[in-house]
Chemist: 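Sharing a structure, written as structure tokens. Questions coming.
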Amino acid sequence: MPRSKSYNTYSNLQRPEFRKRVDELLLKFERDFYERSAGADGMLDKEKFDLELYKRHNVETMIRIGLKRAVDPLIANYWATRDPQLCKEWGLYGAEEGRHDRMFAGDLHKVGMTDEEIYAIRPTFATELLNGYFYYTMATEGPLAAMISGFYLEYIAGKTQPDWLDIMEQHVGADKTKGARAHLALDDDDDHVDMVWNLIMRIIEDEADEERFVEHLIKINSLFVSYFVEVYAATVLGAGADASLLTQAAPAAAVQTNLQTKATASV
């Protein structure tokens with residue numbers, strides 16, 4: 001039973017063979033993240049839990065949602081005269097997702113952060129680059145990259161967040177992750193992963209479009225990996241940390257991860 005006005009209304013998964021290829025690539029992203037990114041394995045180890053990392057991760061999630069809130073109307077507007085149905089469906093999706101930041105704010109309040117403290121924090125460099133990529137590609141080729149980011153986040157959050165929350169709850173308590181849990185539950189009930197996929201597939205017409213999708217997906221993953229490294233460096237490693245670890249922060253990590261993934265992915 002859908003919980004919002006933004007749910008998957010498609011009876012079938014569009015371009016299922018291409019989706020298999022993308023799913024394999026996303027699983028590779030996840031494996032590489034845990035194997036290569038400093039601090040990533042700690043998200044699955046209760047002995048390595050760090051409250052400041054937990055707080056900063058949630059703050060950055062709120063920042064990203066807030067910034068995407070300004071991008072999603074541009075996506076809907078782009079399709080208004082080109083594909084009115086896509087305009088409507090993406091508009092509903094953007095409107096639903098746009099205020100989910102407050103779910104995470106509720107969790108942060110319970111560990112002592114105020115709204116004034118939350119909104120005083122600036123985004124990571126990686127998040128700034130990610131949003132710059134949205135606006136650059138929007139201006140030069142259209143909203144595909146910004147739309148793919150929505151699919152990427154829906155998919156990756158569903159894969160990683162449940163395990164992360166299991167660890168976090170052992171330290172802060174289940175009552176302090178209710179917002180994050182509610183966010184996941186709504187996405188799952190409304191089938192947002194396949195819904196966003198199907199919306200994007202409305203504009204994927206040929207093999208060249210599929211290749212461009214993969215190119216965007218690799219870059220977007222690189223910037224999300226960089227965001228985590230930046231947050232980990234700022235909260236856990238600190239100013240006196242090993243410089244070789246800090247060089248993984250954006251943009252170096254984004255460029256390096258992008259090149260490594262392109263070299264090893266079966267694309």
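What you see is a predicted model, and the numbers here were worked out from it, not measured in a lab. One-based numbering along the sequence shown.
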Chemist: Considering only heavy atoms from C-beta outward, does the side chain of M43 approach that of M168 to under 4.5 Å?
Modeler: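 When only atoms from C-beta onward are counted, M168 and M43 do touch, with a gap below 4.5 Å.
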Chemist: Check salt bridge (Lys or Arg N to Asp or Glu O under 4.0 Å) between E52 and all other residues, then give those that pass, not counting sequence neighbours.
Modeler: K55
Chemist: Let's go through H57 and Y227 carefully: what are the C-alpha distance in whole Å and the side-chain angles of both, what is the deciding distance for side-chain contact (heavy atoms from CB on, under 4.5 Å) to 0.1 Å, and is it a yes or a no?
Modeler: CA-CA 9 Å; H57 161 66; Y227 124 74; 2.5 Å; yes
Chemist: Mind checking side-chain hydrogen bond (donor to acceptor under 3.5 Å, both in side chains) for D166 and listing every partner two or more places apart, or none if nothing turns up?
Modeler: R181
Chemist: Give me the ring orientation class for F104 and H183: parallel if the planes are under 30° apart, tilted from 30 to 60°, perpendicular past 60°.
Modeler: perpendicular
Chemist: Quick one: side chains of residues 148-161, donor-acceptor pairs under 3.5 Å with protein atoms, not counting sequence neighbours, listed by atom name and distance.
Modeler:
unit_1 : atom_1 : unit_2 : atom_2 : d
Y152   : OH     : N221   : OD1    : 2.7
E154   : OE2    : Y93    : OH     : 2.6
T160   : OG1    : I156   : O      : 2.9

Chemist: Could you work out, with side chain to side chain contact (heavy atoms under 4.5 Å, CB included) as the rule, every residue matching I203, not counting sequence neighbours?
Modeler: W79, L86, L144, M147
Chemist: Quick one: salt bridge (Lys or Arg N to Asp or Glu O under 4.0 Å) partners of R64, sequence neighbours excluded?
Modeler: none
Chemist: Which of these, R36, K46, R31, K48, sits in a salt bridge (Lys or Arg N to Asp or Glu O under 4.0 Å) with D41?
Modeler: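 That would be K48.
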Chemist: The criterion is salt bridge (Lys or Arg N to Asp or Glu O under 4.0 Å); which residues satisfy it with E96, sequence neighbours excluded?
Modeler: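 E96: no salt bridge (Lys or Arg N to Asp or Glu O under 4.0 Å) contacts found.
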Chemist: Which residues pass the side chain to side chain contact (heavy atoms under 4.5 Å, CB included) test with D101, not counting sequence neighbours?
Modeler: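 In terms of side chain to side chain contact (heavy atoms under 4.5 Å, CB included), with neighbours along the sequence ignored, D101 is linked to M62, I65, R69, R99, Y119.
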Chemist: According to side chain to side chain contact (heavy atoms under 4.5 Å, CB included), who are the partners of N198, at least two apart in sequence or on a separate chain?
Modeler: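 Applying side chain to side chain contact (heavy atoms under 4.5 Å, CB included) to N198 gives N8, Y10, L13, Q14.
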Chemist: With K176, which residues qualify under side chain to side chain contact (heavy atoms under 4.5 Å, CB included), at least two apart?
Modeler: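 Applying side chain to side chain contact (heavy atoms under 4.5 Å, CB included) to K176 gives K110, V111, V172.
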Chemist: Salt bridge check: are R21 and E24 linked by an N-O gap of less than 4.0 Å?
Modeler: no
Chemist: What residues form a salt bridge (Lys or Arg N to Asp or Glu O under 4.0 Å) with R102, not counting sequence neighbours?
Modeler: D115
Chemist: Side-chain donor-acceptor contacts of residues 130-139 below 3.5 Å, not counting sequence neighbours, with atom names and distances?
Modeler:
unit_1 : atom_1 : unit_2 : atom_2 : d
N131   : ND2    : T127   : O      : 3.0
Y133   : OH     : H216   : ND1    : 2.7
T137   : OG1    : Y133   : O      : 2.7
T137   : OG1    : F134   : O      : 3.1

Chemist: Show every ring-ring contact (aromatic ring centres under 6.0 Å, His included) that has at least one partner inside residues 20-54, sequence neighbours left out.
Modeler: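 Only F33-F228, F49-H171 qualify under ring-ring contact (aromatic ring centres under 6.0 Å, His included).
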